[in-house]
Amino acid sequence: MALLDELSGAARPVTKGRAAAREPGARRPALLILPALIALAVFFLYPLAVVGWNAFTDPEPGLGNFTWFFSEPANIATLVRTFTTALWVTLVSLVLSYPYAYAMTVAGTRVRAALMMLVLLPFWTSLMVRTFAWVILLQDTGVINQILGAVGLGPFSLIRTQTGVIIGMVQLLMPFMVLPLYAVMSGIDKRLLPAARSLGARPATAFVTVYMPLSLPGVSAGCLTVFISALGFYITPALLGSPTDALISQQIFTQVNGLLKWGRGGAMGVILLGLTLAMIALLAVSLRRAGKRVSG
């Protein structure tokens, strides 16, 4: 017994030593993400906290800035216009991107590479350059109206309108819709559609009932990315739109940079952030319920 006690006592320090040797390795993942957390806190959380603080304290503590926002019909109209424009941009981007992403999955290697190049090409050009290009194209005497006039469909007033803003934003945000769709569609088994047709389903029915539900994760990811990005767009609406159809980002710029009313601009930002988070939460709940129904 004494010998067993001595052996067990000698083994305990070894076990502790091994556990202690594992501790530094276990801490390494946390140390690796520490710089990213610091950068997130300095460049995102801190400015966000300052904006929120100004919304409740500038020019005096209280809810005066929020009362001002909801008491002005023009502010409510601007907020509704912002969400309406973002929704239209999301829907148009989805309608154009879904067949494009599907074509990428069924095309050959060379054609797929060319289609992917077209998606990535806008990222190599400045946002300002692309927006100014749309200013030239959408003018009353621009290329688009000249083509429409040649076929007897124009000219239309596209510049300084909400339609022009939607066109420009769709072109800028379509890659953020195509890429999530392609990432999900490329993982769907292509044999499912022939299998559904072999069981008697029509091609359109097989696509809608089999393929589209499997692509919903890409649809939700792309729509969420495009919608949130469209809510905060400033340059494109400022250059392609009119002051009478301004979005909330333009109003925030006017309050902060033009009128130096940091509290009102902060209140607008807080309201926009709160509504966006609420919509994300509702979307997450809806997707969770839809996933349960599909799995059921």
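Quick note: residue numbers are just sequence positions, from 1. Just so you know, these numbers come straight off a predicted model, no measurement behind them. Side-chain atoms are counted along with the backbone in the values below, which use heavy atoms only and exclude waters and symmetry mates.
- Taken together through direct or relayed side-chain contacts under 4.5 Å among Ile, Leu, Val, Met, Phe, Trp and Tyr, I166 and F227 form parts of separate hydrophobic clusters.
- Atom CZ in R81 sits 16.0 Å away from atom CH2 in W88 (nearest 0.5 Å).
- Side chain of N145 to backbone of F156: a donor-acceptor contact under 3.5 angstrom is found.
- Counting all heavy atoms, side chain and backbone alike, A196 lies closest to V210 at CB-CG2, 4.1 Å.
- Between D140 and L158, the closest side-chain pair of non-hydrogen atoms is not below 4.5 Å.
- Not one N or O on the side chain of S229 forms a donor-acceptor pair closer than 3.5 Å with the backbone of V226.
- Between M104 and V111, the closest side-chain pair of non-hydrogen atoms is not below 4.5 Å.
- Between T105 and R112, the shortest heavy-atom contact is O-NH2, 3.8 Å.
- If you take CG on L37 and CG on L32, they are separated by 11.0 Å, rounding to the nearest 0.5 Å.
- Here the side chain of N54 pairs a donor or acceptor atom with the backbone of V50 at under 3.5 angstrom.
- Of all the heavy atoms in I248 and T82, the pair that sits closest is N-OG1, 2.9 Å.
- The distance from the OH atom of Y98 to the OG atom of S215 is 2.5 Å, given to the nearest 0.5 Å.
- Looking only at distances, a side-chain donor or acceptor of Q250 sits under 3.5 Å from a matching main-chain atom of L247.
- Residue L259 is not grouped with residue V270 when hydrophobic side chains (ILVMFWY) are merged at heavy-atom distances under 4.5 angstrom, including chains of intermediate members.
- Linking Ile, Leu, Val, Met, Phe, Trp and Tyr whenever their side-chain heavy atoms come within less than 4.5 Å leaves L87 and L283 in two separate clusters.
- Not one N or O on the side chain of N65 forms a donor-acceptor pair closer than 3.5 Å with the backbone of A267.
- F207 places a side-chain heavy atom less than 4.5 Å from the side chain of L193.
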The test is side chain to side chain contact (heavy atoms under 4.5 Å, CB included); show your working for Y46 and V42 and say whether it passes. CA-CA 5 Å; Y46 174 72; V42 172; 5.7 Å; no

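- Side-chain atoms of R160 never come within 3.5 Å of backbone atoms of S242 as a donor-acceptor pair (strictly under, hydrogens ignored).
- Judged purely by atom type and a 3.5 angstrom limit, Q146 uses its side chain to pair as donor or acceptor with the backbone of T141.
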Check step by step if side chain to side chain contact (heavy atoms under 4.5 Å, CB included) holds for T131 and F233. CA-CA 12 Å; T131 304; F233 253 52; over 6 Å; no

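- No donor-acceptor contact under 3.5 angstrom links the side chains of T161 and T163, judged on distance only.
- Scanning all heavy atoms of the two residues, the minimum distance from A246 to T78 falls at O-CG2, 3.5 Å.
- Within 6.0 Å of CZ on F123 lie more than 12 heavy atoms contributed by other residues, nucleotides or ligands.
- F253 is connected to M128 through a chain of hydrophobic side-chain contacts under 4.5 Å among Ile, Leu, Val, Met, Phe, Trp and Tyr, so both are in one cluster.
- Contact detail for G266 and A55: the closest heavy-atom pair is C-CB, 3.5 Å.
- When every heavy atom of V208 is checked against every heavy atom of P213, the shortest pair comes out as O-CD, 3.2 Å.
- Rounding to the nearest 0.5 Å gives a distance of 4.0 Å between CH2 of W68 and CD of Q255.
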Can you check side chain to side chain donor-acceptor pair (under 3.5 Å) on T85 and Q162, steps first, answer last? CA-CA 8 Å; T85 302; Q162 191 175 13; 2.7 Å; yes

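- Surrounding CH2 of W53 are at most 12 heavy atoms belonging to other residues, nucleotides or ligands under 6.0 Å away.
- For T205 (side chain) and A201 (main-chain N/O), no donor-acceptor pair under 3.5 Å exists by modelled atom type.
- There is no path of hydrophobic side-chain contacts, each under 4.5 Å, that joins L231 to L240.
- Here the side chains of S93 and V89 are in contact, with some heavy-atom distance below 4.5 Å.
- If you take CG on N257 and OG1 on T254, they are separated by 8.5 Å, rounding to the nearest 0.5 Å.
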Would you sort out whether M279 and L282 count as a side chain to side chain contact (heavy atoms under 4.5 Å, CB included), showing the intermediate values? CA-CA 5 Å; M279 294 189 67; L282 291 175; 5.5 Å; no

Intermediate values then yes/no, side chain to side chain contact (heavy atoms under 4.5 Å, CB included), I271 and L275: CA-CA 6 Å; I271 292 170; L275 292 176; 4.1 Å; yes

Would you list the atom pairs, donor with acceptor, under 3.5 Å between side chains in residues 167-189 and any protein atom, with sequence neighbours excluded?
from, atom 1, to, atom 2, distance (Å)
Q171, OE1, W134, NE1, 3.1
S186, OG, Y182, O, 2.9
S186, OG, A183, O, 3.1
D189, OD1, R191, N, 3.1
D189, OD1, R191, NE, 3.2
D189, OD2, R191, NE, 3.2
D189, OD2, R191, NH2, 2.9

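- Taken from CZ in F44 to CG in L40, the straight-line distance is 6.5 Å, to the nearest 0.5 Å.
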